[in-house]
*Asks:* 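The structure's right below; bear with me while I get my questions together.
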Amino acid sequence: MAASEEERHLTLTGDFDCDPSPLSTLRHSTSHVMAQAVKRLHPEVRLAIGPAIEDGFYYDFDRSTPFTTDDLARIEATMREIAHADYRFERREMDRTEAIRFFRERDERLKVEILEGIDAPRVSLYEQGEFVDLCRGPHVASTGRVKHFKLLSSSGAYWRGSEKNPMLQRIYGTAWLTAEDLEKYLWRVEEAKKRDHRKLGRELDLFDFHEVAPGAPFWLPSGMVLVRELEKFARESLDAHGYQEISTPLLVNKRLWEQSGHWEHYQDNMFKVEVEGETFSLKPMNCPESTYVYRRALRSYRDLPLRLSEMGRCHRNERSGTLTGLVRVRQFTQDDAHIYCRPDQLQDEITALLALVREWYKVFTLEPSFKLSTRPEKYLGTREQWDAAERALAEALRANGLAYDVNAGDGAFYGPKIDVDVHDVLGRQWQIATIQADLTMLPERFQLEYIDADGQPKRPVAIHRAIFGSYERFIGILTEHYAGAFPTWLAPVQARVLPISEKHADYARTVWERLRGARIRADLDDRNEKLGYRIRDAQMRKVPYMLVVGERERAAGTASLRPRTGEDVGAVALDRVVGDLTREIAVRAPDLTVGRS
RNA sequence: GCCGGGGUAGCUCAGAGGCAGAGCAACUGAUUCGUAAUCAGUAGGUCGCGGGUUCAACUCCCGCCCCCGGCUCCA
């Protein structure tokens, strides 16, 4: 996989500083124009780097005070002047040593530091007007090409991405080839804000956060419906796929973490508890404990694969600044499983797992993308073990007909893995599922064995996997994916009965009871409000079906059906409403189907 | 954890040394309504928490907590 533009700037890999496509080039050039504007307005700032990124660009500046929104407005105005002046982007080459001298004279310390780290004898500079920057290009012809852009925000960012380094001031902006594209992007950002799961979670009464428990949600009745439906879905599927569910303790003596290696490597992220002079910790992962279940009996090669699933509630002490709604929490529940198998079973297990991942995501109309991460520099086990495992994972991906990227060297120290991402409406990429082959960690540290056909003890392979990732994050992503309008099987309220006036309350109640009798999550809105008001309310709560009942409906034994999609389906016989709804829920249909023939 | 911005009624937000505000929601009453907001009235507050300055602090100063945008880290 090609390195991102940001990567290239940070690591100086590749031939260019940005992807030579028109859009990346434009964004890269826009970042130079921004740096030029900043230097004009604030000559004292020193330049760091300014790459193109997804949806835009940024530039980092060394400056003691942060940029304010007023600063951004002035910078943007100056950028427009620079664009109007239409300076040519001129490329110039010089010897590295000469370039070091050049930037040293200008007191551009960070540029000098970059140059000192390069081993190329010659380097290139790009110049537009009075502005010069160390850069490998490419760039647009002149600043006049920079037209459709907007500065978005400023924030702190560490030099070279390491928190050991000083903090710089970063300005983010976006740039597009046409005005329409820019408009569309800004609209998308607005739309994403509307779908923010934190906002929808509050509006739809799904969950709450409170200062007394940062990073841990309070699930409200409506949100708990989502949790329960997802759990039910997962259990049904896992039961059918040969898993056995277990549950292991939350609070565990530190001895276990010393054995698993977490105490050495993960201690800072663990919540510790002193109990009668002994140290315990809330589990940050479920894997070490699942080995106790494995080791409980002497396992035969015939027992494998052993698939142990767990709704594992984990606690990780994430740094305070990183918490974000449901997608980054301190307490979460993984849909975890550990599969213990013989090395020769690895490929089939992974193949089946990938099929399961696709099957699950299809239900939610989520588009996954797959990444295979391979042997890192520091690894446990033998090369032969790794080669065989990587081959098994790659073959499994191929067997499922899946395209995938390779993240070379990005595997865990104990084995290669496949990560699955989805994109949310904000364009953010979330890692959801992970499938990790574990050749050594659990098997070696916990001395796992099975008795093979030849009567000899052998070491099994473990697979760690989660498909939703965590219920919390998954519900956060689903909320934004559906904009709160969950498919009927997930919807906290599936149908709402609306009597036209008090006169129809009795019939409305029988309709309501009929729905509830069929185990449909229905409610009755017989408040003393006009019908329009109550329809608006149900609409904003994103209730899939409204059943409006008045005199006509009572006489005919029907309900007027108004799906939240807004169309008027008209009067539908109650039997049919109940039948269609029950079916729609049972098959976990992605769309609303009731009353349509 | 770091940089910046915030925290005022259930929600969205105004107010910036001198009586705490609005809209929506809630509650009460009237209205009995046919597909996205009926009218009138009532009630609602430790202005995040703690300390300081002042005759007087929501407002100024210090510390802390939490939230938001990034950085770093990550399911």
Side-chain angles (χ1 to χ4, degrees), chain A residues 58 60 63-69 71 152-172 193 196 198-199 202-203 205 208-215 266 268-269 284-286 312 314 316-336 419-421 430-434 436 464-474 476-477 498-505 526-541 546-553 560-564 566-571:
Chain A
Y58 67 76
D60 285 343
R63 179 184 198 237
S64 53
T65 51
F67 292 101
T68 63
T69 30
D71 288 334
L152 300 173
S153 60
S154 65
S155 70
Y158 297 108
W159 167 233
R160 292 197 149 157
S162 167
E163 60 188 317
K164 295 192 186 77
N165 290 335
M167 189 161 271
L168 308 172
Q169 300 303 328
R170 174 172 298 180
I171 301 177
Y172 282 99
K193 275 188 203 154
D196 189 314
R198 291 166 296 191
K199 179 173 139 78
R202 190 169 45 243
E203 288 171 1
D205 298 318
D208 231 345
F209 284 93
H210 199 287
E211 283 193 16
V212 294
Y266 207 70
D268 289 350
N269 286 290
M285 295 172 192
N286 308 298
C314 296
R316 296 182 190 172
N317 190 9
E318 305 292 355
R319 297 154 100 188
S320 55
T322 64
L323 302 176
T324 307
L326 287 178
V327 297
R328 193 73 195 282
V329 288
R330 285 197 175 130
Q331 172 194 290
F332 56 96
T333 311
Q334 288 182 319
D335 65 316
D336 208 355
D419 289 325
V420 188
D421 288 342
W430 289 107
Q431 190 192 313
I432 302 197
T434 180
Q436 308 187 352
H464 309 240
R465 53 108 283 195
I467 300 180
F468 291 151
S470 81
Y471 283 86
E472 289 77 6
R473 174 177 289 184
F474 195 66
I477 291 166
L498 305 174
I500 286 178
S501 82
E502 240 169 57
K503 292 178 202 141
H504 318 106
D526 57 358
R527 286 178 298 175
N528 180 12
E529 296 287 352
K530 287 173 74 173
L531 181 63
Y533 177 92
R534 287 173 290 144
I535 284 177
R536 181 166 190 271
D537 189 67
Q539 191 72 46
M540 291 195 308
R541 306 287 305 188
M546 292 166 233
L547 279 67
V548 177
V549 297
E551 190 45 40
R552 294 201 296 270
E553 288 77 10
S560 283
L561 203 61
R562 188 190 201 278
R564 69 178 168 214
E567 71 226 83
D568 187 4
V569 175

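Numbers restart at 1 for each chain; the letters A, B, ... are given by sequence-line order, proteins then strands.
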*Asks:* Between B:C55 and B:A14, how many Å separate the two C1' atoms, rounded to a whole number?
*Replies:*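 So the two C1' atoms sit 29 Å from each other.
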*Asks:* How long is the gap from CD1 on A:Ile500 to CD on A:Glu553, to the nearest 0.5 Å?
*Replies:* 5.5 Å
*Asks:* Any base atoms under 4.0 Å from A:Gly566, or only sugar-phosphate, or nothing? Heavy atoms, all strands.
*Replies:* nothing
*Asks:* Counting the atoms with a prime plus P, OP1 and OP2 as sugar-phosphate, which does A:Gly476 contact under 4.0 Å by heavy atoms, base, sugar-phosphate, or nothing?
*Replies:* nothing
*Asks:* Does the B:G1 base have a donor-acceptor partner in the side chain of A:Tyr158 within less than 3.5 Å?
*Replies:*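 Side chain to base: pair found, below 3.5 Å.
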*Asks:* When rounded to the nearest Å, what value does the distance between C1' atoms of B:G44 and B:C60 take?
*Replies:*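 So the two C1' atoms sit 30 Å from each other.
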*Asks:* How many Å lie between CD on A:Glu318 and P on B:C71, as a whole number?
*Replies:*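 Rounded to the whole Å, the gap is 16 Å.
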*Asks:* Rounded at 0.5 Å granularity, tell me how far NE2 in A:His464 sits from CD in A:Gln436.
*Replies:*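 Rounded to the nearest 0.5 Å, the NE2-CD separation comes out at 6.5 Å.
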*Asks:* Compare the minimum distances between each of B:A75, B:C73, B:G34 and the side chain of A:Thr322, then state the nucleotide with the smallest one.
*Replies:*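 Nearest to the side chain of A:Thr322 among the choices is B:C73.
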*Asks:* Is the backbone N or O of A:Val327 less than 3.5 Å from a side-chain atom of A:Thr324, with the two atoms forming a donor-acceptor pair by type?
*Replies:* no
*Asks:* Nearest to the side chain of A:Ser153 - B:C3, B:C33, B:G69?
*Replies:* B:G69
*Asks:* For a quick check of understanding: with a heavy-atom distance under 4.0 Å over all strands, which category does A:Thr434 fall into, base, sugar-phosphate or nothing?
*Replies:*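 Answer is nothing: A:Thr434 stays at 4.0 Å or more from every strand.
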*Asks:* CG of A:Asp60 versus C1' of B:C2: gap in Å, rounded?
*Replies:*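 Rounded to the whole Å, the gap is 14 Å.
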*Asks:* In the structure I gave you, are the side-chain heavy atoms of A:Lys199 and A:Lys193 within less than 4.5 Å of one another anywhere?
*Replies:*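 Not touching, per the 4.5 Å side-chain cut-off.
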*Asks:* Closer to the 5' end of RNA chain B via nearest nucleotide, is it A:Pro214 or A:Arg316?
*Replies:*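 That would be A:Pro214.
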*Asks:* Can you tell me how far P of B:G69 sits from CG of A:Leu323, to the nearest Å?
*Replies:*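 Whole-Å distance recorded here is 12 Å.
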*Asks:* Separation of A:Glu553 atom CD from B:U35 atom P, in whole Å?
*Replies:* 12 Å
*Asks:* Tell me whether the OP1 or OP2 atom of B:A36 has a side-chain N or O from A:Arg562 closer than 4.0 Å.
*Replies:* yes
*Asks:* Between B:G34, B:C11, B:A75, which nucleotide gets closest to the side-chain atoms of A:Arg202?
*Replies:* B:C11
*Asks:* Do NZ/NE/NH1/NH2 and the carboxylate oxygens of A:Asp526 and A:Arg534 come within less than 4.0 Å?
*Replies:* no
*Asks:* Within the distance-only criterion (no hydrogens, no angle test), does the side chain of A:Arg316 pair as donor or acceptor with the backbone N or O of A:Pro284 below 3.5 angstrom?
*Replies:* yes
*Asks:* Between atom CH2 of A:Trp430 and atom CZ of A:Arg328, what is the distance when rounded to the nearest 0.5 Å?
*Replies:* 8.5 Å
*Asks:* So, does A:Arg198 get its side chain near the phosphate of B:C68, meaning an N or O under 4.0 Å from OP1 or OP2?
*Replies:* yes
*Asks:* Using atom C1' in both nucleotides, what's the gap between B:G4 and B:G18 to the nearest angstrom?
*Replies:*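 Those two atoms are separated by 33 Å.
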*Asks:* Between B:G34, B:C71, B:U72, spot the one nearest the side chain of A:Arg552, thanks.
*Replies:* B:G34
*Asks:* Distance check, P atoms only: B:C58 and B:U8, in whole angstrom units.
*Replies:*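 Pairwise P distance, B:C58 against B:U8, rounds to 15 Å.
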*Asks:* When you get a sec, tell me which of B:A75, B:U35, B:G34 is the closest nucleotide to the side chain of A:Ile500?
*Replies:* B:G34
*Asks:* Which is true for A:Arg527 with a 4.0 Å heavy-atom rule: it touches a base, it touches only sugar-phosphate, or it touches nothing?
*Replies:* sugar-phosphate
*Asks:* Below 3.5 Å, does any donor atom in the side chain of A:Glu502 face an acceptor in the base of B:U32, or the other way round?
*Replies:*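 Such a pair is found, so the answer is yes.
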*Asks:* Provide the closest heavy-atom pair for A:Asp568 versus A:Gly570 in the form atom of the first, atom of the second, distance.
*Replies:*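 The pair with the smallest heavy-atom distance is OD1-N, 3.1 Å.
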*Asks:* Pick the C1' atom in B:G69 and in B:A16, then give their distance to the nearest Å.
*Replies:* 25 Å
*Asks:* So which nucleotide from B:C3, B:U32, B:C74 ends up closest to the side chain of A:Lys503?
*Replies:* B:U32
*Asks:* Please work out if A:Gly321 contacts a base, only the sugar-phosphate, or nothing of the nucleic acid, heavy-atom cut-off 4.0 Å.
*Replies:*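 A:Gly321: base contact, heavy atoms under 4.0 Å.
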*Asks:* Rounding to an integer number of angstrom, what distance separates B:C3 and B:U72 when you compare their P atoms?
*Replies:* 16 Å
*Asks:* Could you give the CD-to-C1' distance, from A:Gln436 to B:A75, as a whole number of Å?
*Replies:* 10 Å
*Asks:* With sugar-phosphate meaning primed atoms plus P, OP1 and OP2, does A:Gln431 contact a base, only sugar-phosphate, or nothing at under 4.0 Å between heavy atoms?
*Replies:* sugar-phosphate
*Asks:* Which part of the nucleic acid, if any, lies within reach of A:Glu551 when heavy atoms closer than 4.0 Å are counted: base, sugar-phosphate only, or nothing?
*Replies:* base
*Asks:* Take the protein atom OH of A:Tyr172 and the nucleotide atom C1' of B:C3, then report the distance between them rounded to whole Å.
*Replies:* 12 Å
*Asks:* If you check every side-chain atom of A:Pro66, which of B:C3, B:G1, B:C68 has the closest atom?
*Replies:*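 Taking heavy atoms from C-beta onward, the closest nucleotide is B:C3.
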*Asks:* Under 3.5 Å for both donor-acceptor distances, Watson-Crick or wobble: does B:U59 have a partner, and if so which one?
*Replies:*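 WC or wobble partner does not exist here.
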*Asks:* Applying a 4.0 Å non-hydrogen cut-off, can you work out what A:Glu529 is touching in the nucleic acid: base, sugar-phosphate, or nothing?
*Replies:* base
*Asks:* So A:Tyr533, base contact, sugar-phosphate only, or nothing? Heavy-atom distance under 4.0 Å.
*Replies:*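 Touches sugar-phosphate only.
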*Asks:* Ignoring the backbone of A:Lys530, work out which of B:G69, B:U35, B:U38 is nearest its side chain.
*Replies:*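 Looking only at side-chain atoms, A:Lys530 lies closest to B:U38.
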*Asks:* Using atom types as modelled and distance alone, determine if a side-chain donor or acceptor of A:Arg564 lies under 3.5 Å from a backbone N or O of A:Arg541.
*Replies:*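 Looks like no, no N/O pair under 3.5 Å.
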*Asks:* Provide the Watson-Crick or G-U wobble partner of B:U32, both distances under 3.5 Å; none if there is no partner.
*Replies:* none
*Asks:* Using atom C1' in both nucleotides, what's the gap between B:C13 and B:U32 to the nearest angstrom?
*Replies:* 35 Å
*Asks:* Need one value for A:Arg170: base, sugar-phosphate or nothing, where a base atom within 4.0 Å counts as base even if backbone is also close, heavy atoms only.
*Replies:* sugar-phosphate
*Asks:* For B:C47, give its Watson-Crick or G-U wobble partner with both distances under 3.5 Å, or none.
*Replies:* none
*Asks:* For the residue pair A:Phe468 and A:Phe474, categorise the inter-ring angle as parallel (less than 30°), tilted (30 to 60°) or perpendicular (more than 60°).
*Replies:* parallel
*Asks:* What is the separation between atom CZ on A:Arg328 and atom P on B:G70, rounded to the nearest whole Å?
*Replies:*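 Taking atom P of B:G70 as the reference, CZ of A:Arg328 is at 14 Å.
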*Asks:* So what's B:C27 paired with, Watson-Crick or G-U wobble, going by both distances under 3.5 Å?
*Replies:* B:G41
*Asks:* Picking from B:G34, B:U72, B:C74, which would you name as closest to the side chain of A:Ser560?
*Replies:* B:G34
*Asks:* Figure out the NE2/C1' separation between A:His210 and B:G7, and round it to whole Å.
*Replies:*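 Result: 13 Å.
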*Asks:* Using a heavy-atom cut-off of 4.0 Å across all strands, would you classify A:Ile432 as base, sugar-phosphate, or nothing?
*Replies:* sugar-phosphate
*Asks:* Using atom P in both nucleotides, what's the gap between B:A43 and B:G34 to the nearest angstrom?
*Replies:*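 One P to the other, the span is 33 Å.
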*Asks:* Please determine, for B:G21, whether a Watson-Crick or G-U wobble partner exists with both distances under 3.5 Å, and give it or none.
*Replies:* B:C13
*Asks:* What does A:Gly156 touch in the nucleic acid at a heavy-atom separation under 4.0 angstrom: a base, only the sugar-phosphate, or nothing?
*Replies:*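 A:Gly156: base contact, heavy atoms under 4.0 Å.
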*Asks:* Out of B:C68, B:G1, B:A75, which has the shortest distance to the side chain of A:Arg319?
*Replies:* B:G1
*Asks:* Hey, does A:Val212 reach any base, or is it just sugar-phosphate, or nothing, if we go heavy atoms under 4.0 Å?
*Replies:*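 The answer is nothing, as A:Val212 stays clear of every strand by at least 4.0 Å.
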